[in-house]
2 protein chains.
Amino acid sequence: MNNRLRVLRAERKMSQAVLAELLDVSRQTVNAIELGKHDPSLLLAFKVSQVFGLPVEQIFDPGLHGEAKQAAE
Amino acid sequence: MNNRLRVLRAERKMSQAVLAELLDVSRQTVNAIELGKHDPSLLLAFKVSQVFGLPVEQIFDPGLHGEAKQAAE
DNA sequence: ACATTATGTCAATAATACTTGTCAAAACGC
DNA sequence: GCGTTTTGACAAGTATTATTGACATAATGT
């Protein structure tokens, strides 16, 4: 599961620790998700969506189509 | 986490078992999710999204503000 | 150089998603 | 009524994710 957490965080100059607080999870959890070590729960994905003000689909990409990447920006 | 699985399924006259096959999970899993016994993984949520041709946000509803978890029951 | 912040990583544990197997009741068709 | 399908439910087990605590390294600032 690819995700744009790092980019979104960088755009807002937000540390993993700060994001973790906003999401009410540990910093390690944010780190693990950002590095693709595991996927967030659906609820956490929604929280991320809220924090960045973007739909889930524009943050997480299951890569089910392989080629189809996001051209929207 | 509320969801519209039952409605979407009914609209398509699709049984839990058939949906389960499309999602590549067990029927019990579909049932449990539909009844709100637990939430799907993010990946499974994306699969559901694909099957019904709708964005995740239009199928699952976390309460959007984290305030009211399940007020309508 | 030193202190502070940010990040990556490991280990152990808790929580939950998902499984198979099974059973019973409700809904449907014949 | 009878058989089939569908659904709800339960239990026990597996797999995955979330949790904290600790430690190492890199980057930043003074």
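Sequence lines set the chain letters: A, B, ... in the order given, protein chains first and strands last, and positions in each chain run from 1. Any value given below was found using the heavy atoms of this structure, including those in side chains, with hydrogens, waters and symmetry copies removed.
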With a cut-off of less than 4.0 Å, is there a side-chain N or O of [X] near OP1 or OP2 of [N]?
{"X": "B:Arg6", "N": "D:dT6", "value": "no"}
{"X": "A:Asn31", "N": "C:dT7", "value": "no"}
{"X": "B:Ser26", "N": "C:dT19", "value": "yes"}

Length of the [atom1]-[atom2] vector between [X] and [N], whole Å:
{"X": "A:Glu34", "N": "C:dT9", "atom1": "CD", "atom2": "P", "answer": "12 Å"}
{"X": "B:Ile33", "N": "D:dT7", "atom1": "CD1", "atom2": "C1'", "answer": "15 Å"}
{"X": "B:Leu42", "N": "C:dC18", "atom1": "CG", "atom2": "C1'", "answer": "16 Å"}
{"X": "B:Phe60", "N": "C:dA17", "atom1": "CZ", "atom2": "P", "answer": "12 Å"}
{"X": "A:Lys13", "N": "C:dT5", "atom1": "NZ", "atom2": "P", "answer": "19 Å"}
{"X": "B:Leu19", "N": "D:dG8", "atom1": "CG", "atom2": "P", "answer": "13 Å"}
{"X": "B:His38", "N": "D:dT14", "atom1": "NE2", "atom2": "C1'", "answer": "14 Å"}
{"X": "A:Asn3", "N": "D:dT17", "atom1": "CG", "atom2": "P", "answer": "13 Å"}

Which nucleotide in [options] has an atom nearest any side-chain atom of [X]:
{"X": "A:Leu35", "options": "C:dT9, D:dG8, D:dT17", "result": "C:dT9"}
{"X": "B:Ser15", "options": "C:dG8, D:dT6, C:dC18", "result": "D:dT6"}
{"X": "A:Gln16", "options": "C:dC18, C:dT7, D:dG8", "result": "C:dT7"}

Interatomic spacing from CG in A:Asp39 to OG in B:Ser41 - rounded to 0.5 Å |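 A:Asp39 atom CG to B:Ser41 atom OG measures 7.5 Å (nearest 0.5 Å).
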
Atom CG of A:Leu43 and atom CG of B:Leu42: how far apart are they, to the nearest 0.5 Å?
->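 If I round to the nearest 0.5 Å, the distance is 11.0 Å.
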
Which angle, to the nearest 10 degrees, lies between the helix axes at the two ends of the helix from C:dA1-D:dT30 to C:dC30-D:dG1, each defined by five pairs?
->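 End axes: 50° apart.
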
Using side chain to side chain contact (heavy atoms under 4.5 Å, CB included) as the criterion, point out the one residue from B:Gln58, B:Arg4, B:Arg12 that pairs with B:Phe52.
-> B:Arg12

Identified side chain to side chain contact (heavy atoms under 4.5 Å, CB included) partner of A:Leu19 from the options A:Val25, A:Asn31, A:Val51 | A:Val51

Are side-chain heavy atoms of B:Val48 and B:Phe60 found at a separation under 4.5 Å?
->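 Touching, per the 4.5 Å side-chain cut-off.
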
Heavy-atom distance under 4.5 Å between the side chains of B:Glu57 and A:Glu57, does that happen here?
-> yes

With DNA chain C as reference, determine whether B:Arg27 or B:Leu44 sits nearer its 5' end, using the nearest nucleotide of each.
-> B:Leu44

With heavy atoms under 4.0 Å as the rule, sort A:Thr29 into base, sugar-phosphate or nothing.
->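 It contacts base atoms.
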
Scan B:Gln28 against the nucleic acid and name what it touches under 4.0 Å (heavy atoms): base, sugar-phosphate only, or nothing.
-> base

Side chain A:Asn3, main chain A:Ile33, donor-acceptor under 3.5 Å = yes

Taking B:Arg9 for its side chain and B:Met14 for its backbone only, find out whether a donor-acceptor pair lies under 3.5 Å.
->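 It does hold such a pair.
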
DNA chain D: 5'-proximal contact among B:Lys37 and A:Pro40 (nearest heavy atom) =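 In this pair, the answer is B:Lys37.
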
